[in-house]
2 protein chains.
Amino acid sequence: MEGVRRRDREGTRQRILDAARGLFAELGYDHVTMRLIAAEAGANIALINRYFGSKRELFAEVLAMQGRFPGVLDGPREELPRRLAEYVAERFRSDWASPVMTALNRSSASPEIHGIIRDRVNSAIMEPLAALLPGEDAQLRAAVATALITGTGTLRQLFTPEELGSPSHDAVVARLTRIFEVCLEV
Amino acid sequence: MEGVRRRDREGTRQRILDAARGLFAELGYDHVTMRLIAAEAGANIALINRYFGSKRELFAEVLAMQGRFPGVLDGPREELPRRLAEYVAERFRSDWASPVMTALNRSSASPEIHGIIRDRVNSAIMEPLAALLPGEDAQLRAAVATALITGTGTLRQLFTPEELGSPSHDAVVARLTRIFEVCLEV
DNA sequence: TGACGAAGTAAACACGCGTCTACTAACTTG
DNA sequence: CAAGTTAGTAGACGCGTGTTTACTTCGTCA
């Protein structure tokens, strides 16, 4: 029987994973240090590499926590532009965003993990999005929509909503919905 | 009279600036080292800080080389969506892009230069773009367009044109023109 | 109870970073 | 030609990085 385990392999592993997810999202791959992750997780630094192999592999595992673009791609096809717009608009006004998405955004310049990022953007967003689109150049349209999503994240990290003119949530959603419609239509 | 000057303050300064511009565009702020810049410029590393003060100040000077979003914002207002589309489409298919724009893109996650990046994006793109737009929420529309521009850069750095479905240049321009129209219209 | 495996720890490793200092050598000026 | 100014150089400084090693401590099972 396992009671309160002071030595808890799985628990420690999970705490490291959670800490890493939050920090990668906040700071990006380069600016997160092993010691920072260890401190945040309340674990010893050597355990990170024991459980995950390396910083790079830990990052890959963090990204693997999330499957497809969460909750946005699923639902009726005709409301897809609206759902995308809602997602982006929400990121516009609040600080919250999917940690995995944010981590992707802030880490895309690190050559060390270029392949990981690429595969993840492709399998979690671009590919499933393109699969939803009819017509010839579905890949192009999915790519443009993806660019708008990631670009919004980058911009939002640079400016506060006030600096962007404090637009009303409804105005942002309306504008973005029309844009995504033009993005996605044949 | 100045003949062949082996000691050439201005020339060396310029070579450092050129090397830095290219490297910052290619690798982003974090992954460019002082030693790399010095080697590329054929100059001694100590001269960089003598002429520019610090890596951070050198980066600021590189960004300051470029004024407004070059050649795109100037011209007839009704063709602005088209010009933006041409710019983005060109970046889609070829590796070329404005070094300064690329440097902005690849360095946006470095907290050390966050303010520099922010000011530059604002003064070179977002603000002049918003000034061209009539209507209430010009700032929002300029921001969305900016997000699309930067997002395209990020995506293009992750994928080759082939991986994006090798769309024809005309198809990309046509699609993007319509998107920018919806972005920018009242 | 005692031995063994595994969770956790502390410290060091080698290396790369931005920066700075002490110095050499080239050009200018009197 | 001699003195002074300054471009250019070599090398070290302190620090932070990811990673690894040697060790201690806990929990379990024969």
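Proteins come first, then strands; the chains are lettered A, B, ... in the order of their sequence lines, and each starts at number 1.
Distance CZ (Arg50(B)) to P (dG18(C)): 19 Å, rounded to an integer number of Å. Taking atom CD of residue Glu112(A) and atom P of nucleotide dT17(D), one finds them 14 Å apart after rounding to whole Å. Atom CG in Asp8(B) sits roughly 11 Å away from atom P in dC27(C) (whole-Å rounding).
Using a 4.0 Å cut-off between charged nitrogen and carboxylate oxygen, Arg68(A) and Asp74(A) count as a salt-bridge pair. Of the charged side-chain nitrogens involved, none lies within less than 4.0 Å of a carboxylate oxygen, so that Arg91(B) and Glu86(B) do not count as a salt-bridged pair. Asp95(A) has a carboxylate O that lies under 4.0 Å from a charged side-chain N of Arg156(A), or vice versa, which qualifies the two as a salt bridge. Using a cutoff of 4.0 Å between basic side-chain nitrogens and carboxylate oxygens, Asp18(B) and Arg21(B) are scored as salt-bridged. Between Arg106(B) and Asp30(B), none of the side-chain N atoms (NZ, or NE/NH1/NH2) sits under 4.0 Å from a carboxylate O, so this pair counts as no salt bridge.
Across residues 13-36 of chain B, Arg35(B) each have a non-hydrogen atom less than 4.0 Å from an atom of DNA chain D (numbered order). Looking at residues 51-60 of chain A, you'll see Ser54(A), Lys55(A) sit with a heavy atom under 4.0 Å from some atom of DNA chain D. The stretch residues 38-49 of chain B comes close to DNA chain C through Ile45(B), Ala46(B), Asn49(B), each having a heavy atom under 4.0 Å from the strand.
Looking at Leu23(B) and Thr33(B), their side chains never come closer than 4.5 Å, going by heavy atoms from C-beta outward. Taking 4.5 Å as the limit, every side-chain heavy atom of Pro167(A) sits out of range of all side-chain heavy atoms of Gln139(B).
Tyr87(A) and Phe69(A) have perpendicular rings, their planes meeting at more than 60° on a 0 to 90° scale where under 30° would count as parallel. In this pair, Tyr29(A) and Phe59(A) present their aromatic rings perpendicular. The plane angle is above 60°, beyond the 30 to 60° band.
Follow the hydrophobic side-chain contacts under 4.5 Å out from Ile179(B) and you never reach Val173(B); the two are in separate clusters.
With Ser110(B) contributing its side chain and Glu112(B) its backbone, the two residues share no donor-acceptor pair below 3.5 Å.
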Detail all sub-3.5 Å separations between protein N/O atoms and N/O atoms belonging to nucleotides 24-26 of chain D.
{"unit_1": "dT25(D)", "atom_1": "O2", "unit_2": "Arg7(A)", "atom_2": "NH1", "d": "3.3"}
{"unit_1": "dC26(D)", "atom_1": "N1", "unit_2": "Arg7(A)", "atom_2": "NH1", "d": "3.1"}
{"unit_1": "dC26(D)", "atom_1": "O2", "unit_2": "Arg7(A)", "atom_2": "NH1", "d": "2.0"}

Show me the donor-acceptor pairs, under 3.5 Å and distance only, between side chains in residues 42-53 of chain B and residues at least two apart or in other chains.
{"unit_1": "Asn44(B)", "atom_1": "OD1", "unit_2": "Ala46(B)", "atom_2": "N", "d": "2.8"}

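Taking the salt bridge (Lys or Arg N to Asp or Glu O under 4.0 Å) definition, one finds that Glu57(B) meets it with nothing, sequence neighbours left out.
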